[in-house]
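Remember, predicted model here, so these are calculated numbers, not experimental data. Below, chains carry the letters A, B, ... as their sequence lines are ordered, and counting in each starts from 1.
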Amino acid sequence: MNERSDSPKYRYDASFASSIEQKWQDRWEDQGTYYASNPSGDLGDDSGRIDLPNIFIMDMFPYPSGSGLHVGHPLGFIGTDVFARYKRMTGYNVLHTMGYDAFGLPAEEHARQTGQHPRDNTNANIENMRKQLRRLGLGHDSRRSVSTTDLEFYKWTQWIFLQLFNSWYDSEADRARPIAELESLLSNGYLKLENGLDWNALTISEKRETIDSYRLAYLAEAPVNWCPALGTVLANEEVTAEGRSERGNHPVFRRPLKQWMMRITAYADRLLDDLEILDWSDAIKTMQRNWIGKSEGAEITFKAGDVDLKVFTTRPDTLFGATYMVLAPEHPLLEVVIADSWPEGTPDKWKNGMATPAEAVHNYQKEASQKSDLDRQENKDKTGVFVGEFAAVPVNGKKIPIFISDYVLMGYGTGAIMAVPGQDERDWEFAQEYGLEIIRTVQPPEGWDGDAFTGNGPAINSQFLDGLQINDAKEKIIEWLENSGSGHRNTTYKLRDWLFSRQRYWGEPFPIVYDENDLPVALPEDCLPVELPDLMDWAPRSLDEMSDPEPPLGRASEWVYAEMDLGDGLKTYKRELNTMPQWAGSCWYYLRYLDPTNADEFVSKDVESYWMNGDKGGVDLYVGGVEHAVLHLLYSRFWHKALFDLGHVSTPEPFHRLYNQGYIQAAAYQDSRGIYVEAADVIQEDGDFKYGNEIVTRSFGKMGKSLRNSVTPDEMYDQYGADTLRLYEMFMGPLDQDRPWETKSVVGSLRLLQRVWRNLVNEETGILAVSDGDADLQLKQILNQTIKSVRDDMENLRFNTAIARITELNNELTKSNTETPREVAEVLVHLIAPLVPHIAEELWEMLGNDSSIVYSPFPLPDPTYLVSETVEIPIQVNGKLKSKITVAAGCSSSDLRDAALADEKIASIVSDKEIRKEIIVDGKLVNFVI
RNA sequence: GCCCGGGUGGCGGAAUUGGCAGACGCGGGGGAUUCAAAAUCCCCUUCUCUUCUGGGAGUGCGGGUUCAAGUCCCGCCCCGGGCACCA
């Protein structure tokens, strides 16, 4: 920064910082400084570190975007790097590396814009990103850096798919098992088919289809988000609330298509229960719980003529209050319950102006299907029509009218409800609208003037349930339902099976082919990897609403049909043309970090159990953004559990501790038209923000192109150096909090490093300037107290306060007129080493060491210097600070009291008053109450 | 509407169990050094009253518990995030 000719020659400034940073980055790379030791295999070594305790520290790997980094991106990466460095210095074998999540739609889109093949484009972006991250001085084991697009990586993604395809969920044993075991259980008669058929009487193809329907990865006709303009189906998360594609804002249609599904619902309970053993924030756990959405209750059958209508309810205890029934407009049994004509006395309101129930229902169905999700969200007024038929409440035979309404969703429970307006707010609203009977079955508290009462209380109007509290009433009615055969205990989930097919080019091909009956056949392991064919024309095609999606792989005409012998002679098979979603690679990449060069296994058992630590283990620290709270983290947990069941990994959970870093925000400025202007060009003048001559308004938002407020790491390297950037990002605030970027504040971090440098080195000569004498007692006490605090802060990822403590120590040295004692200098260099590794290495070398500081032990506090002989005690009167006195450490309560009363100020305040109470906390405080 | 976070000086933030509110940094003010400036070093910097000794108020708002509350309890307000007709 300071390039003036008269500034000291050896001042620590941006250009000097850059030169030592590059020197050390080269040396670390040459020496493989950050290589972690494996217990066996290619990455084993004789460093001896394998005998140390180990720790696996991980970032959520990035998508290698072509647009480069801004200073907000590496916040979490710096945090894990500081922690990993600290752990290395405290005697751990540390695994820390970085991979790339490089498949997916963004890569395709970007490639399309630049006209390059996605592979070339992706590889160029990865190279660029590696360079940028290297420049930050991140201590990654470069040998373990993988990309999901590497053939040697996605071979194992396909292998894991085969594991899922070749297994089923045994709900008795509550775990996944190999599919071969299902076949033998069925043929031995140990397991009966759900549809009651005799397995051994089935034809071969019936058997095959039955088996297929049990697999964890299975084909199903499922309603999907079909976006004809993009030519692909989209995941729910890729569709906006308005029902349009997030990219391009094209219309999206719900449409049933045959797709690969993952049976994540089989794991719903375990995914829920095992949250307990995880060290994750309650916020994230709550989000996962909500997503899984477990509800316990009962399924109850209502008879409407000959038709059984099943409802799910969490409140079977309110059965006596059921006064009508509602089916979803898409309910499959609707057609058979519609009456031919309106019964006598049907209110006009229930008919919706139609002459027959059929007309009313079909008209309503049509309207409901045209309602977008947004309409439903914004307009929650209850609408519906009567179907002209009645159902019988099982417990008393009472006939209640059947309605259809869009407030009942086909996708949840049974798509039908018993409506209990007395105890349900939605049912109350509907009942009010259509003039339906309301029966309270729970006694509301006295003075209740509200509508539906959803709280606890004794049952009323419920015959044999009367007087029971909700939970007891539920148990009793469920018992009755089960005895009478009209219902049973049941649990439902919001979680749906995971749609796993995409009509895209840039993704993992499935290791699946189809035979002459169009049934799926898994390829054997020795056929892996199924390589993505090289296509010139890989872009999705725009289609119209009525056409089927065309997977781009269908255009690889050479590739689509394969002739092979899969055990029953040479035959021609058609390949699966869909590809896997982007989540596939991110579901398991952490496991490949462990053993990236293993050609025989996705990870060796030996290596996996070493790093994951079995049982309640997993990745020791996983840092990333909160936006992955549900999808990635849920999918990944699901795959991991399946691999665990099949004996491929030793821990039931992948990520033991999850930590969500905050985001760096930055000021953004809008002109009078609301257009964002380049934030870097805005100046502050007389309290106004000005862009040129125009006054602009300020707001804060996520740093990025759209708000035109990006600051790049390169700018920071030019002005300050990488160590300063690292230090500033860690000092801004706690790692898990959002924080606003302020370039003008970065200078404070540079100043700290300059002072550290100046306290150890003569700026004029560049020669080390430390003394060999001892530090005085006071400095030793400060030094050891600092070591203690910094260790504690580092351990708990509180880097901002660690830096504050280091700054205090350094300020002591700055104030002193003498040269810094060597013992202090050496400690100081260690304390800063995890945060600012380059300057620390440089100083460590100047202090006469020829090996890296990376593995030099982090200082331990000497307990002798953690206690001082005297302590300062605040003296309060009536709880307000009035004075402070200095007394011998460990002095008795009575001595402390006497000393406090002897203090001039205190004496003058209490002299003529009676002391009513004395609070004396040894070593802490004295409070007199007068 | 429900469920999570959060609210502390001009700004970012600190205060581990109830025990000195505002550590550390930015910004601001003053001084030393300098021909002068930059850089550096030192001091001050919550607000407010003041007779310059100190006094009063103060952690979103209103109550409470306590010798003592940013911290605990009750009732609100505001900001951020998630879910949202899930029976």
Side-chain angles (χ1 to χ4, degrees), chain A residues 1-2 4 6-8 11 13 241 281-287 289-291 293-295 297 311-315 318 326 328 376-377 379-382 405-409 411-420 423-427 429-430 492-494 626-627 629-630 660 727-728 731-734 736-749 751-752 754-755 758 763 789 792-793 796 798 800-808 810-811 814-815 817 872-884 905 916-921 923-930:
Chain A
M1 205 185 178
N2 188 344
R4 298 179 65 91
D6 52 354
S7 103
R11 170 153 299 172
D13 60 18
S281 72
D282 286 337
I284 303 280
K285 287 186 181 181
T286 304
M287 282 158 88
R289 283 191 194 107
N290 289 343
W291 189 267
K294 180 176 182 171
S295 298
V311 306
F312 173 74
T313 177
T314 55
R315 294 292 304 276
T318 64
V326 187
R376 285 196 181 205
Q377 269 176 44
N379 184 5
K380 290 185 178 173
D381 291 345
K382 298 289 178 288
S405 172
D406 63 3
Y407 84 92
V408 173
L409 310 174
Y412 184 77
T414 60
I417 62 160
M418 62 177 207
V420 188
Q423 271 73 231
D424 184 283
E425 283 163 21
R426 297 150 302 182
D427 296 345
E429 279 174 37
F430 191 87
T492 66
Y493 302 87
K494 281 199 255 180
V626 72
E627 73 272 18
V630 176
N660 294 108
L727 191 62
Y728 174 64
F731 183 60
M732 288 167 83
D736 57 357
Q737 232 171 68
D738 292 349
R739 72 276 314 264
W741 177 268
E742 267 203 286
T743 298
K744 69 169 187 183
S745 294
V746 181
V747 70
S749 298
R751 280 181 200 147
L752 171 60
Q754 285 181 329
R755 285 180 194 138
R758 199 179 295 125
E763 283 191 307
S789 304
D792 195 35
D793 286 340
N796 292 292
R798 292 193 302 251
N800 54 330
T801 48
I803 294 166
R805 299 291 86 78
I806 292 169
T807 307
E808 282 171 330
N810 193 56
N811 286 347
T814 304
K815 273 181 212 162
N817 293 321
E872 196 179 46
I873 305 287
I875 313 298
Q876 299 178 338
V877 177
N878 291 339
K880 289 189 179 175
L881 180 71
K882 292 293 172 187
S883 185
K884 291 181 189 180
K905 283 180 205 152
R916 292 193 288 134
K917 194 164 185 180
E918 296 168 356
I919 287 94
I920 294 155
V921 186
K924 282 252 167 151
L925 155 145
V926 176
N927 187 11
F928 296 116
V929 183
I930 57 174

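Rounded to whole Å, the separation between the P atoms of B/rA21 and B/rU59 comes to 12 Å. For B/rG70 and B/rU17, the C1' atoms lie 15 Å apart once the distance is rounded to whole Å. Taking atom P in both B/rG75 and B/rC2, the straight-line distance is 13 Å, to the nearest Å. One C1' atom belongs to B/rG13, the other to B/rC61, and the distance between them is 23 Å to the nearest Å. Look at the C1' atom in both B/rC3 and B/rA84: the space between them is 11 Å, to the nearest Å. A distance of about 12 Å separates the C1' atoms of B/rA68 and B/rC20, rounded to the whole Å. A distance of about 31 Å separates the C1' atoms of B/rG64 and B/rC49, rounded to the whole Å.
In this structure, NZ of A/K285 is placed 17 Å from C1' of B/rG82, rounded to the nearest angstrom. Spacing between atom OH of A/Y493 and atom C1' of B/rC83 amounts to 20 Å, rounded to whole angstrom units. Between A/K884 atom NZ and B/rA21 atom C1' there is a gap of 11 Å when expressed in whole angstrom units. Atom pair A/M732:CE and B/rA14:P shows a separation of 13 Å (rounding to whole Å applied). Atom-to-atom, CD of A/Q737 to P of B/rC4 comes out at 19 Å; the value is rounded to the nearest Å. In this structure, A/D282 atom CG and B/rG6 atom P are separated by 11 Å, rounded to whole Å. One can place CZ of A/R289 at 15 Å from P of B/rC3, the figure rounded to the nearest angstrom. One interatomic measurement links the two molecules: CG of A/N811 to C1' of B/rA23, which rounds to 11 Å at whole-angstrom precision.
Nucleic acid contact class of A/R916 (heavy atoms, under 4.0 Å, all strands): none. Using a 4.0 Å heavy-atom distance criterion, A/S281 is classed as making no nucleic acid contact. Nucleic acid contact for A/D738: sugar-phosphate only, since backbone atoms but no base atoms lie under 4.0 Å from a heavy atom of the residue. A/E918 comes within contact range of no nucleotide atom at all, as no heavy-atom separation falls under 4.0 Å.
Annotation: side chain of A/D793 is in contact with side chain of A/R805 (closest heavy-atom distance under 4.5 Å). Within the 4.5 Å cutoff, the side chain of A/I417 has heavy atoms near those of the A/D427 side chain. Inter-residue side-chain proximity for A/R916 and A/V929 is flagged as met; some heavy-atom pair is nearer than 4.5 Å. Looking at heavy atoms from C-beta onward, A/V926 lies in side-chain contact with A/I920 at the 4.5 angstrom threshold. Looking at A/K917 and A/N927, their side chains never come closer than 4.5 Å, going by heavy atoms from C-beta outward.
If you check B/rA23, B/rA87, B/rC41 against the side chain of A/A804, the one that comes closest is B/rA23. Looking at the side chain of A/R798, the nearest of the listed nucleotides B/rU16, B/rC26, B/rG19 is B/rU16. Here the nucleotide nearest the side chain of A/Q754, chosen from B/rU40, B/rG13, B/rA21, is B/rU40. The listed nucleotides are B/rC3, B/rC4, B/rG12; the one nearest the side chain of A/P740 is B/rG12. For A/K882, counting side-chain heavy atoms from C-beta on, the closest listed nucleotide (B/rA87, B/rG55, B/rC11) is B/rG55. When distances are taken from the side chain of A/E872 to each of B/rC20, B/rA14, B/rC3, the shortest belongs to B/rC20. Which of B/rC85, B/rC41, B/rG19 sits closest to the side chain of A/D406 comes down to B/rC85. Comparing B/rG19, B/rA57, B/rA14 by their nearest atom to the side chain of A/P734 picks out B/rA14. Between B/rG82, B/rG19, B/rC67, one nucleotide has an atom nearer to the side chain of A/K917 than all others, and that is B/rC67. Taking every side-chain heavy atom of A/R751 into account, B/rC26 is the closest of B/rC41, B/rC24, B/rC26.
One finds the CG atom of A/L727 at 13.0 Å from the CZ atom of A/R751 (value rounded to the nearest 0.5 Å). Atom OG1 of A/T814 and atom CZ of A/R758 lie 7.5 Å apart (nearest 0.5 Å).
Between B/rA84 and A/K494, no contact under 4.0 Å exists linking OP1 or OP2 to a side-chain N or O. OP1 and OP2 of B/rA84 both lie 4.0 Å or more from every side-chain N or O belonging to A/N290. A/S295 has a side-chain polar atom (N or O) that falls below the 4.0 Å cut-off from OP1 or OP2 of B/rA87. At B/rC41, one or more side-chain N or O atoms of A/R755 fall inside 4.0 Å of OP1 or OP2 (strictly under the cut-off).
Base pairing of B/rA23 is not made with any nucleotide, judged by Watson-Crick or G-U wobble geometry with both donor-acceptor distances under 3.5 Å. B/rA37: no Watson-Crick or G-U partner with both key distances under 3.5 Å is found in any strand. Of the nucleotides present, none pairs with B/rU66 by Watson-Crick or G-U wobble criteria with both distances under 3.5 Å. Base pairing of B/rG1: its partner is B/rC83, meeting the Watson-Crick or G-U wobble criterion (both donor-acceptor distances under 3.5 Å). Nucleotide B/rU59 is matched to nothing when pairs are restricted to Watson-Crick or G-U wobble geometry with both distances under 3.5 angstrom.
In the interface, the side chain of A/K382 is paired with the base of B/rC85 through a donor and an acceptor atom under 3.5 Å apart. Remark: the A/N927 side chain and the B/rC67 base include a donor-acceptor N/O pair separated by less than 3.5 Å. Under 3.5 Å, the side chain of A/K744 and the base of B/rC26 form no donor-acceptor pair of N or O atoms. Not a single donor-acceptor pair, N or O on each side, falls under 3.5 Å between the base of B/rA87 and the side chain of A/R315. A donor-acceptor contact under 3.5 Å links the side chain of A/D792 to the base of B/rU16.
Nearest-nucleotide assignment on RNA chain B puts the 5′-proximal partner with A/S789, out of A/V626 and A/S789. Of the residues near RNA chain B, A/I919 and A/T414, the one whose nearest nucleotide (by heavy atom distance) lies more toward the 5' end is A/I919.
In textbook terms, a nucleotide whose glycosidic angle is within 90° of 0 is syn, and B/rG9 is one such case.
Because its NZ or CZ atom is both nearer than 6.0 Å to the ring centre of A/Y407 and within 45° of the ring axis, A/K382 counts as a cation-pi partner of that residue.
For the side-chain contact (heavy atoms from CB on, under 4.5 Å) test with A/I803, the passing option among A/T807, A/N800, A/T801 is A/T807; the others fail.
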